[in-house]
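I have placed the structure first, in the form of C-alpha cells, so that the comments after it can refer back to it.
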Amino acid sequence: MVIAHPLVRLLPEAAVDDPDVLAAYRHDRASFCPSGEPAVLVRARSTEEVSVALRWAHEHEVPVVPQGARTGLSGAANALDGCVLLCLEKMDEIVEIDVPEQLAVVRPGVLNGRLAAAVAERGLYYPPDPGSMEISTIGGNVATNAGGMCCVKYGVTGDFVRGLQVVLADGRVMRTGRRTAKGVAGYDLTSLFAGSEGTLGVITEITLALRPAARRPLTAVAFFPSPADACRAVAVYLGDGHRPSVLEFMDAETVRAVSALVDLGFPPDVGGVLIAQSDAGAAAADELAAFERAALDCKADEVVVADDPAEGELLMQARRLVGPAHEALGTSLVDDVCVPRGRLAELVDGLDGIAAEHGVRITCAGHAGDGNMHPSVIFDDTDPREVAAAQAAFAAVMDLGLRLGGTITGEHGVGVLKRDWLARELDDAALWTHRQLKASLDPRGILNPGRVFA
C-alpha cells in the first residue's frame with residue numbers, strides 16, 4: 001500500500017508526490033548543478049498554502065526548495081533528496097496597478113513580460129528586463145535580484161522593490177517595506193530578501209515601483225575591429241557623463257551565432273559590436289551623437305543610427321536572441337561576471353587567453369553599460385575531456401573577474417554553481433554575517449540549504 005506524503009493530505013489541492021510530476025520540477029537551466037529526488041511538490045496558490053507547507057517542514061526539519069519558473073542559471077531551484085519543492089508559478093495574479101502612485105502589487109508567479117505589458121497599457125513602465133523576461137517570474141527576478149538591458153540607466157530588480165510579503169521558515173507571515181516613495185523606519189529588510197535566493201524566506205507578494213511610460217528610444221550600432229576596442233568605447237562614452245537606456249555588447253562569435261537565426265546585415269569581419277539606445281526624448285539624438293564620437297575615437301569602423309524605430313527594435317531583438325543562438329553551438333556554461341567598466345577591455349582580452357589555455361571556445365555578450373558580461377564556454381558535453389576543460393575555463397573566468405576588481409555574479413545569483421566562489425569574494429567578517437542572518441531567520445536550516453554558501 002502506497003502512503004501519500006503528509007503534505008498531500010494537508011494540502012490536497014496543491015501537493016503531489018507522483019514521481020513523473022516531480023521529475024519535471026527537479027532542476028533549473030544551470031549546467032553542472034546536481035539535482036536530487038524530491039519527496040513532494042507543492043504548487044501553492046496562496047500565502048496560506050505556503051505557510052502550511054513551511055510550518056510542516058519546519059516542524060519535521062525537512063528541506064524546502066522554493067521555485068519560480070525554473071529559468072535560473074545557478075542551480076538554486078534544484079531539488080534536494082527528500083525535499084519539499086515549493087513552486088510559486090500558480091500565484092500569478094497582478095493584484096493592483098496604482099497609476100497615481102506609480103506602483104504595482106503582484107504575486108511571485110507573474111511573468112516579467114506580462115507585468116511590463118500590463119503597466120504599459122496604463123501609461124507606466126517597469127524597467128527591469130532580463131533576457132528571459134517572457135518566461136521568468138517576478139518572484140524569481142526578486143530572488144536573484146535580476147538585471148537586464150536597461151540596468152545601465154534604471155538599475156536592477158531590487159531597485160524597484162518597495163515592499164514584500166514573506167513567509168518565514170516556521171510559517172509566520174511578515175511584511176517588509178512600504179508603498180510610499182520614501183521610508184527608513186527600521187532595518188531595510190526588503191533589500192535583505194532581494195537576492196537571497198530562497199534561503200531566508202518565501203516571497204508571496206511584491207510591491208513594485210513603476211516609472212512613467214518611456215519615450216520611444218533612438219538606437220545606434222557601432223562596429224569595431226576588436227572586442228577590446230568596443231569595451232574601451234564604453235568607458236569613454238559613459239565616463240563623459242552620458243547615461244543611455246541600453247548599452248549592449250556582442251563579440252564576433254556571438255554575432256555569427258545570432259546571424260544564423262536572423263539576417264542582421266552586419267559587416268562580415270566585425271570584431272565587436274555595441275548597441276546603444278537612448279529614451280531621453282529631445283536629448284536622445286545628442287546622446288547618440290556622443291556615442292558615435294566615442295566609438296569613432298576608439299577605432300570603430302562604422303556607426304549607424306537607426307532612423308526607423310523598426311530597425312532599432314530589430315537590433316534589440318538580435319541582442320535578445322543571444323541565448324537561443326548559443327543553443328545551436330553546443331552545451332554552454334554561461335557566466336555573468338561584472339567588472340568596473342574601465343576594465344572591460346582587460347576582461348575580454350583575458351577571455352582569449354583562457355580559451356587558448358584550456359582549448360575551448362568562449363563567446364561573450366553582455367550588458368557593457370554596467371560592466372556585466374556573459375562569457376559562455378561552449379563544449380561537447382559527451383566528451384569528458386571537453387567537460388573538464390569547460391569547467392576549468394569557467395573557473396578561470398570567475399578568477400579573472402575577481403582579479404579585475406569585479407564580482408562573480410551580476411544578476412544570475414550564486415546558487416550552487418558559484419557557491420564555492422563566494423568565499424573568495426567576501427571577507428571572513430562578511431561570511432560570518434551571512435551565516436548569522438541565515439541562522440536567525442532559519443534556525444533549523446530548512447530553506448534552500450547548501451545554496452549561496454555552505
Side-chain angles (χ1 to χ4, degrees), residues 11 13-16 25 28 41-55 64-72 76-77 84-99 101-122 124-130 132-146 156-169 171-179 189-210 447-448:
L11 297 168
E13 300 299 318
V16 295
Y25 286 79
D28 63 17
L41 166 70
V42 176
R43 289 178 288 201
R45 298 158 303 171
S46 68
T47 298
E48 177 57 27
E49 288 182 341
V50 172
S51 180
V52 169
L54 287 178
R55 273 199 307 272
V64 177
V65 177
Q67 296 182 331
R70 303 175 305 287
T71 60
V84 176
L85 291 178
L86 183 52
C87 181
L88 307 175
E89 62 186 352
K90 288 185 176 295
M91 296 181 66
D92 60 354
E93 179 187 4
I94 297 177
V95 178
E96 178 187 3
I97 298 174
D98 187 328
V99 175
E101 294 293 338
Q102 296 182 359
L103 60 82
V105 179
V106 304
R107 302 297 184 194
V110 173
L111 296 179
N112 181 297
R114 179 180 160 223
L115 173 65
V119 301
E121 291 176 359
R122 306 289 298 274
L124 296 169
Y125 176 39
Y126 179 63
D129 62 340
S132 59
M133 65 183 296
E134 297 301 331
I135 56 173
S136 65
T137 64
I138 296 295
N141 293 169
V142 175
T144 59
N145 208 358
V156 296
T157 299
D159 295 318
F160 291 84
V161 179
R162 287 194 182 172
L164 298 169
Q165 182 181 68
V166 180
V167 183
L168 299 176
R172 287 179 296 166
V173 180
M174 172 179 72
R175 286 196 174 271
T176 75
R178 74 286 172 194
R179 291 172 65 98
L189 298 179
T190 302
S191 293
L192 177 63
F193 284 93
S196 63
E197 301 184 46
T199 61
L200 301 179
V202 177
I203 296 167
T204 58
E205 187 178 276
I206 305 148
T207 301
L208 295 164
L210 305 174
L447 287 175
N448 231 2

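Considering all non-hydrogen atoms of both residues, Phe193 and Leu168 come closest at CZ-CD2, 4.3 Å. Of all heavy-atom pairs spanning Ala53 and Leu86, the tightest one is CB-CD1, 4.4 Å. Taking both residues in full, the closest heavy atoms of Ala14 and Arg45 are given as N-NH2, 4.3 Å, listed atom of the first, atom of the second, then distance. Considering every non-hydrogen atom in both Gly201 and Val166, the closest pair reads CA-CG1, 3.8 Å. A pairwise comparison of heavy atoms in Gly158 and Ala194 identifies CA-CB, 4.3 Å as the closest pair. Considering every non-hydrogen atom in both Val16 and Arg43, the closest pair reads CG1-NH2, 3.7 Å.
Taking OH of Tyr25 as the start and CG of Leu41 as the end, the distance is 6.0 Å to the nearest 0.5 Å. With values rounded to the nearest 0.5 angstrom, Leu103 atom CG is found 4.5 Å from Asp98 atom CG. The line from CD1 of Ile206 to CD of Gln165 is 10.5 Å long, rounded to the nearest 0.5 Å. For the atom pair Met174 CE and Leu189 CG, the distance stands at 5.5 Å (nearest 0.5 Å). One distance of note links CD1 of Ile203 with OG of Ser196; it measures 5.5 Å at 0.5 Å rounding. Between the CG atom of Leu164 and the OG1 atom of Thr176 there is a distance of 4.0 Å, given to the nearest 0.5 Å.
Contact check on Arg55 versus Glu48 returns a salt bridge, with a Lys/Arg side-chain nitrogen under 4.0 Å from an Asp/Glu carboxylate oxygen. Taking the charged nitrogens against the carboxylate oxygens, Glu49 and Lys90 have no contact shorter than 4.0 Å, which rules out a salt bridge.
Side-chain atoms of Thr207 do not come within 3.5 Å of backbone N or O of Val105 as any donor-acceptor pair. Side-chain atoms of Ser51 never come within 3.5 Å of backbone atoms of Thr47 as a donor-acceptor pair (strictly under, hydrogens ignored). The closest donor-acceptor contact from the side chain of Thr137 to the backbone of Gly68 lies at 3.5 Å or more, if one exists at all. In terms of modelled atom types and a separation under 3.5 Å, the side chain of Asn145 and the main chain of Val156 share no donor-acceptor contact. Between the side chain of Thr157 and the backbone N or O of Val142, no donor-acceptor pair lies under 3.5 Å.
Counting heavy atoms from C-beta on, the side chains of Leu115 and Leu208 come closer than 4.5 Å. No side-chain heavy atom of Asp92 sits under 4.5 Å from any side-chain heavy atom of Leu111. At a threshold of 4.5 Å between non-hydrogen side-chain atoms, the residues Leu447 and Val202 count as touching. Two residues are said to be in side-chain contact when any heavy atoms from C-beta on lie closer than 4.5 Å; Leu88 and Val50 meet this criterion. In this structure the side chain of Ile138 reaches within 4.5 angstrom of the side chain of Tyr126, judged on heavy atoms.
For Ser191, the side chain to side chain contact (heavy atoms under 4.5 Å, CB included) test picks out Asp188, with sequence neighbours left out. Contacts of Glu101 classified as salt bridge (Lys or Arg N to Asp or Glu O under 4.0 Å), with partners at least two apart in sequence or in another chain: none.
In Arg178, the CZ atom is crowded: over 12 heavy atoms of neighbouring residues, nucleotides or ligands sit closer than 6.0 Å.
Residue pairs that meet the side chain to side chain donor-acceptor pair (under 3.5 Å) test with at least one member in residues 105-114, sequence neighbours left out, are Arg107-Glu205, Asn112-Asn141.
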